[in-house]
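Values reported hereafter were calculated over all heavy atoms of this structure, with side chains retained and with hydrogens, waters and symmetry mates removed. Values in this document were obtained by computation on a predicted structure and should not be read as measured data.
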Amino acid sequence: MGKYNSSETRVKPLAKAILADHSKLNMALSLLQEDLQIGNFDDANVYFTCPEEHKKEKCLMPTIAHSLSILNLIKEDAGFRESIRTVAIRNSKKDERKQLFDLNEDTFKKAKEIIEAGRHSRQEKWAYFEGETRPDLFIENQQHIIIVEGKRTESHTTSAVEYLKSRSQMVRHIENAIEYCHGEKTVIAFYIVDAECNYLKQCEKDALQKELNSETITKTRDQIDVISSSFYGYTTWQAIGKKLNIQYQ
């Protein structure tokens with residue numbers, strides 16, 4: 001993506017500005033909601049792609065409940081099972097992956113044990129049908145988690161994964177972050193996009209609510225409420241640049 005790579009040309013300048021002056025995070029948050037603020041945080045808890053400063057994105061593993069739900073869908077829904085069978089088996093060299101699609105009860109039991117124990121070794125990846133998420137910018141302190149998904153040249157937000165036709169990237173970020181902190185912190189998640197993009201409507205709160213309601217893996221009312229309350233819509237790179245006095249590449 002070169003000079004249009006949003007991680008390099010937009011997220012990195014923003015993150016570096018915040019590292020240089022922590023108050024700029026609250027300035028950015030005020031663009032979403034005037035009184036939205038968080039307290040102090042350490043530089044070590046600011047995650048984004050920046051090899052020269054030994055920084056990388058935060059890895060958020062899929063929730064146990066979601067992973068088990070996919071496993072159950074494979075077992076109980078023949079149409080879904082057959083729709084992903086070929087590619088799912090091709091993607092794993094482990095015999096256990098094929099045994100799942102042959103409805104081997106012992107293999108399902110083994111997969112369930114791996115997921116419930118939260119094990120993610122390379123040898124146990126066959127049990128999972130969704131990987132981790134890596135927000136473009138992740139900041140946390142004792143009370144809050146900030147999640148930023150930055151877009152620049154993309155033509156739309158991401159609303160699917162390989163095995164699930166309806167699976168919002170933002171929902172994944174929020175859901176995984178809530179599990180990561182055991183529900184003990186307030187998650188504040190939002191998009192930053194180009195002001196001239198043609199999918200601003202997809203970044204609004206109402207759009208995420210629709211995505212939640214149409215997820216392939218049905219969510220409970222409580223899950224929907226918690227995830228939707230953690231989403232704050234979007235701001236733009238132009239607004240961020242002006243507010244924080246950032247000169248982009």
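- At least one test fails for Arg85 against the ring of Phe80: distance under 6.0 Å to the centre or angle within 45° of the axis.
- A salt bridge is defined here as a Lys NZ or Arg NE, NH1 or NH2 lying under 4.0 Å from an Asp or Glu carboxylate O, and Asp225 with Arg221 meets this definition.
- Between the side chains of His156 and Gln202, not a single donor N or O lies within less than 3.5 Å of an accepting N or O.
- Taking Glu140 as the reference, Lys185 meet the salt bridge (Lys or Arg N to Asp or Glu O under 4.0 Å) condition, with sequence neighbours excluded.
- Considering all non-hydrogen atoms of both residues, Leu103 and Ile74 come closest at CD2-O, 4.4 Å.
- In this structure, Tyr248 is not a member of the same hydrophobic cluster as Val193, with clusters built from ILVMFWY side-chain heavy atoms closer than 4.5 Å.
- Cation-pi geometry between Lys56 and Phe48 is not met: the NZ or CZ atom fails to fall both under 6.0 Å from the ring centre and inside 45° of the normal.
- Tyr199 places a side-chain heavy atom less than 4.5 Å from the side chain of Glu154.
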Report the C-alpha separation of Glu130 and Ile70 in whole Å, then their side-chain angles, then the decisive distance to 0.1 Å, and conclude whether the side chain to side chain contact (heavy atoms under 4.5 Å, CB included) test is met. CA-CA 9 Å; Glu130 186 171 299; Ile70 299 177; 4.1 Å; yes

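- Side-chain atoms of Ser92 and Ile89, non-hydrogen and from C-beta on, never get closer than 4.5 Å to each other.
- For the salt bridge (charged side-chain N to carboxylate O under 4.0 Å, His left out) condition, the pairs that include at least one residue of residues 63-79, sequence neighbours left out, are Lys75-Glu105.
- A donor-acceptor contact closer than 3.5 angstrom links the side chains of Tyr180 and Lys58.
- In summary, Arg134 and Glu132 engage in a salt bridge, as defined by a charged side-chain N under 4.0 Å from a carboxylate O.
- Judged by distance alone, with hydrogens and angles left aside, the side-chain atoms of Glu57 form no donor-acceptor pair with the main-chain N or O of Leu137 at under 3.5 Å.
- Residues Val11 and Trp237 are in side-chain contact: their nearest non-hydrogen atoms beyond the backbone lie under 4.5 Å apart.
- If you check the side chains of Gln238 and Asp194, you find a donor sitting under 3.5 Å from an acceptor.
- Checked by atom type, the side-chain pair Asp136/Tyr47 shows no donor-acceptor distance below 3.5 Å.
- In this structure the side chain of Ile146 reaches within 4.5 angstrom of the side chain of Phe190, judged on heavy atoms.
- Ionic pairing of Lys94 and Glu124 is not present here: no N-O contact between side-chain nitrogen and carboxylate oxygen is shorter than 4.0 angstrom.
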Could you go through Ile188 and Ile147, starting from their C-alpha distance and side-chain angles, then the distance that decides it, and tell me whether this counts as side chain to side chain contact (heavy atoms under 4.5 Å, CB included)? CA-CA 6 Å; Ile188 299 171; Ile147 290 174; over 6 Å; no

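- Under the 30°/60° scheme for interplanar angles, the aromatic rings of His22 and Phe41 are found to lie parallel.
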